Amino acid sequence: MLETVEESIQWIHSRLPFGMRPGLERVEALLALVDHPEKKVPMIHIAGTNGKGSTVSYLKNMLQEMGLKVGSFTSPYIETFNERIMINQTVITDEALIALVDKYKHLVEQMDQDEKLVGITEFELLTVMGFDYFTEQAVDVAIIEVGLGGLLDSTNVITPILTGITTIGMDHTDILGDTMEAIAFQKAGILKEGIPLVTGNIGEDALAVIKEQAQKKQVPITQLQQDYTVTYQRPAENWGEIFDFSNEFGKIKQLRTPLLGAHQVENAGLAIALFYAYCQQQNIPVQHKWIRDGLAKTTWPARMERVSEQPLIILDGAHNDHAITRLVDNMQREFKGRKILILFSALETKDISSMLKQLTELPKSHVLLTTFDNPRAIRLAKNYEAINPKKLSVASLWQVGFSELLEQVTEDDVILITGSLYFVSEVRQYLLKLKGEDE
């Protein structure tokens with residue numbers, strides 16, 4: 001038996017070399033060995049290019065306000081590995097994680113002897129462990145975030161009670177396809193016969209694909225701006241956004257999300273629509289207080305997160321082209337006229353040129369491109385500076401780049417740290433440690 005959580009996490013990480021392997025056969029085989037825990041808990045399945053994590057967080061908090069015990073399975077983690085598997089606001093304990101690894105280690109080794117099942121990946125293993133934990137802890141409902149795509153994602157072994165698709169954008173094109181329609185088809189793979197779907201802000205072409213798949217499976221759709229609406233009102237005092245929500249049951253005015261950005265209003269709206277759908281299924285009258293309080297208590301690290309007020313430092317894990325577009329819109333609206341100093345890094349697999357082009361087009365911005373400690377991190381040898389030599393420069397170490405920004409920043413400027421969530425998480429840990437030392 002592995003005795004420490006560090007050893008247990010190290011063993012889970014030992015499955016990383018198997019990479020991402022779309023397909024359900026390994027997950028289904030492992031679930032069969034542990035008597036199918038995924039069939040013993042009601043689940044809500046959330047897919048989409050961006051916005052999944054905050055939607056999960058909003059919905060989880062509203063369900064908690066009802067007094068429910070709510071599991072959540074999300075990725076990647078920002079602060080601790082354990083946060084990928086949570087119940088309410090509590091991450092899986094080290095002891096529970098050690099016990100799960102002890103339970104699954106020999107089962108995985110057994111599967112590795114079968115040439116058809118060899119090489120279960122880290123994410124596939126964590127998916128099964130999450131389902132097992134939620135069953136063992138007898139949660140009332142679990143919210144499951146898709147890892148990649150939908151159709152062949154390891155979470156797609158469940159038959160949920162509700163599904164949600166947040167957004168469709170160009171990401172993971174090497175796996176999911178290089179058109180919006182192809183990606184939408186993969187995301188729509190989570191649809192199950194007759195199980196209701198709620199959709200967010202999705203373009204017409206992608207939505208048409210989702211609707212076609214929904215029709216084939218007789219899936220009722222609750223659609224943004226058709227079956228429910230969110231109306232942006234204004235920025236909230238101090239931080240966040242104010243908006244109105246309406247659907248067939250009426251209108252709720254002056255809702256507040258503590259998360260900054262117009263897209264967070266859309267994510268919150270999707271979560272509210274899912275919350276209504278859940279309450280309808282359970283024959284529970286919706287109390288607006290559950291919605292207001294659930295939203296107000298929502299936090300989501302590294303998504304337009306303010307980690308310092310003087311100087312103003314914002315972290316945002318805008319890790320693909322679609323997310324960068326939304327980030328640029330948010331920065332223009334929220335910080336109009338202010339100089340924005342940007343520290344950016346990403347994974348080599350992303351469309352880095354397009355992301356940098358968008359960031360340099362922000363008025364009064366300067367982008368410092370850097371790299372970080374990840375085998376898939378950007379290689380700085382490429383001549384990215386040529387995209388915009390006046391507004392883009394390179395720092396070989398992000399720590400040096402960040403120090404440069406601190407030397408340049410004035411009280412009216414904003415420092416924005418963005419790109420890969422792995423990068424933003426690394427910087428975040430460093431900044432919070434510094435902040436702790438200062439205090």
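The basis for the numbers below is simple: all heavy atoms, side chains too, and nothing from hydrogens, waters or symmetry mates. Since we're looking at a predicted model, the values are computed, not measured.
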Requested in this report: Before giving the answer on salt bridge (charged side-chain N to carboxylate O under 4.0 Å, His left out), spell out for Arg376 and Glu348 the whole-Å C-alpha distance, their side-chain angles and the decisive distance to 0.1 Å.
Outcome: CA-CA 6 Å; Arg376 296 184 291 152; Glu348 191 69 29; over 6 Å; no
Report task. Might you work through the side-chain contact (heavy atoms from CB on, under 4.5 Å) test for Asp132 and Tyr104, ending with a clear yes or no? Result -> CA-CA 11 Å; Asp132 199 345; Tyr104 280 90; 2.6 Å; yes
Report task. Go through the steps to decide whether Phe73 and Phe123 satisfy the test ring-ring contact (aromatic ring centres under 6.0 Å, His included), and finish with yes or no. Result -> CA-CA 11 Å; Phe73 178 75; Phe123 188 78; 5.6 Å; yes
Requested in this report: Could you walk me through whether Tyr276 and Phe249 pass the ring-ring contact (aromatic ring centres under 6.0 Å, His included) test, one step at a time?
Outcome: CA-CA 9 Å; Tyr276 266 99; Phe249 301 104; 5.5 Å; yes
Query raised in the report: Could you walk me through whether Met111 and Leu33 pass the side-chain contact (heavy atoms from CB on, under 4.5 Å) check?
Result: CA-CA 10 Å; Met111 284 176 57; Leu33 291 174; 4.1 Å; yes
Report task. Please assess Thr166 against Asn50 for the test side-chain contact (heavy atoms from CB on, under 4.5 Å), listing each intermediate value before the final yes or no. Result -> CA-CA 7 Å; Thr166 57; Asn50 294 303; 5.8 Å; no
Report task. Might you work through the side-chain contact (heavy atoms from CB on, under 4.5 Å) test for Thr155 and Val27, ending with a clear yes or no? Result -> CA-CA 9 Å; Thr155 63; Val27 174; over 6 Å; no
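The structure places CD1 of Ile168 at 6.0 Å from CD1 of Ile165, a figure rounded to the nearest 0.5 Å. Remark: His45 NE2 to Lys52 NZ distance equals 10.0 Å, nearest 0.5 Å. Atom-to-atom distance recorded for Leu151:CG and Ile190:CD1 is 10.5 Å, nearest 0.5 angstrom. Taken from CG in Leu270 to CD1 in Ile46, the straight-line distance is 6.5 Å, to the nearest 0.5 Å. Rounded to the nearest 0.5 angstrom, Tyr422 OH and Leu347 CG are separated by 7.0 Å. In this structure, CD1 on Ile314 lies 6.5 Å from CG on Leu260, to the nearest 0.5 angstrom.
A donor-acceptor contact closer than 3.5 angstrom links the side chains of Thr229 and Ser246. Side-chain atoms of Glu426 and Asn374 include no donor-acceptor pair closer than 3.5 Å. In the model, Glu145 has no side-chain atom that pairs as donor or acceptor with a side-chain atom of Ser75 under 3.5 Å. Looking at Asp171 and His322, their side chains never bring a donor and an acceptor atom within 3.5 Å of each other.
Around the CG atom of Asp174, the shell of radius 6.0 Å holds more than 12 heavy atoms that belong to other residues, nucleotides or ligands. Counting non-hydrogen atoms of other residues, nucleotides and ligands closer than 6.0 Å to NZ of Lys253 gives a total of 12 or fewer. With a 6.0 Å radius and a threshold of 12 heavy atoms from other residues, nucleotides or ligands, Gln10 has its CD atom at or below the threshold. For Glu109, the CD atom counts as densely surrounded, since its 6.0 Å shell holds more than 12 non-hydrogen atoms of other residues, nucleotides or ligands. The local environment of CD in Gln310 is crowded, with over 12 non-hydrogen atoms from other residues, nucleotides or ligands closer than 6.0 Å. Within 6.0 Å of NZ in Lys39 there are 12 or fewer heavy atoms belonging to other residues, nucleotides or ligands.
Side chains of Leu369 and Trp398 form no contact here, defined as non-hydrogen atoms less than 4.5 Å apart. Side-chain contact between Leu162 and Val198: absent, with no pair of heavy atoms (C-beta onward) separated by less than 4.5 Å. Two residues are said to be in side-chain contact when any heavy atoms from C-beta on lie closer than 4.5 Å; Asp351 and Met170 fail this criterion. You'll find the side chain of Ile417 reaches within 4.5 Å of the side chain of Phe423, heavy atoms only. No side-chain heavy atom of Val146 sits under 4.5 Å from any side-chain heavy atom of Asn156. Residues Phe131 and Leu30 have side chains not in contact (no heavy-atom distance under 4.5 Å, counting atoms from C-beta outward). With contacts defined as side-chain heavy-atom distances shorter than 4.5 Å, the pair Ile415/Leu343 does not qualify. The shortest side-chain heavy-atom distance between Ile272 and Leu255 falls under the 4.5 Å cut-off.
Looking only at distances, no side-chain donor or acceptor of Arg292 sits under 3.5 Å from a matching main-chain atom of Ile252. Side chain of Thr135 to backbone of Pro37: a donor-acceptor contact under 3.5 angstrom is found. Checking side-chain atoms of Thr325 against main-chain N and O of Asp321 turns up a donor-acceptor pair under 3.5 Å. Lys40 places a side-chain N or O within 3.5 Å of a backbone atom of Asp35 that can act as its donor or acceptor partner. Distance alone, capped at 3.5 Å, is enough to place a donor-acceptor pair between the Thr49 side chain and the Gly169 backbone. Side-chain N or O atoms of Asp227 include none that pairs as donor or acceptor with a backbone N or O of Asn247 at under 3.5 Å. With Glu38 contributing its side chain and Leu31 its backbone, the two residues share no donor-acceptor pair below 3.5 Å. No donor-acceptor distance shorter than 3.5 angstrom exists from the side chain of Glu334 to the backbone of Met331, with no hydrogens or angles considered. With Arg303 contributing its side chain and Gly261 its backbone, the two residues share no donor-acceptor pair below 3.5 Å. Under the 3.5 Å distance criterion, the side-chain polar atoms of Arg15 are matched with a main-chain donor or acceptor of Ile120.
Salt bridge Asp316/Arg306: absent, no basic N to carboxylate O contact under 4.0 Å. Ion pairing between Glu266 and Arg326 holds under the 4.0 Å rule for side-chain N and carboxylate O. A salt bridge links Glu79 and Arg428; the closest N-O separation between the charged side-chain nitrogens and carboxylate oxygens is under 4.0 Å. With salt bridges taken as basic N to acidic carboxylate O contacts below 4.0 Å, none links Lys116 and Glu25. Lys217 has no carboxylate O lying under 4.0 Å from a charged side-chain N of Glu193, or vice versa, which leaves the two without a salt bridge.
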Please tabulate, for the side chains in residues 61-70, all donor-acceptor contacts under 3.5 angstrom to protein atoms that are two or more places apart in sequence or on a different chain.
| from | atom 1 | to | atom 2 | distance (Å) |
| --- | --- | --- | --- | --- |
| Asn61 | OD1 | Gln89 | NE2 | 3.2 |
| Asn61 | ND2 | Ser57 | O | 2.7 |
| Asn61 | ND2 | Thr298 | OG1 | 3.4 |
| Gln64 | OE1 | Gln89 | NE2 | 2.8 |
| Glu65 | OE2 | Lys297 | NZ | 2.9 |
| Lys69 | NZ | Gln137 | O | 2.6 |

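For residues 83-95, the set of pairs meeting the salt bridge (charged side-chain N to carboxylate O under 4.0 Å, His left out) definition, not counting sequence neighbours, comprises Arg84-Glu122.
The minimum heavy-atom distance between Ser420 and Ala346, with the atom names listed, is CB-CA, 3.9 Å. The two residues Ala206 and Ala184 come nearest to each other via the heavy atoms O-CB, 3.5 Å. Considering every non-hydrogen atom in both Ile242 and Gln254, the closest pair reads CG2-OE1, 3.6 Å.
Aromatic rings from Phe81 and His13 are positioned such that their centres are separated by under 6.0 Å. In summary, the aromatic rings of Tyr58 and Trp300 are positioned with their centroids too far apart to meet the 6.0 Å limit.
Figure legend: Arg333 and Tyr232 shown as a cation-pi pair, the cationic atom lying under 6.0 angstrom from the six-membered ring centre and within 45 degrees of its axis.
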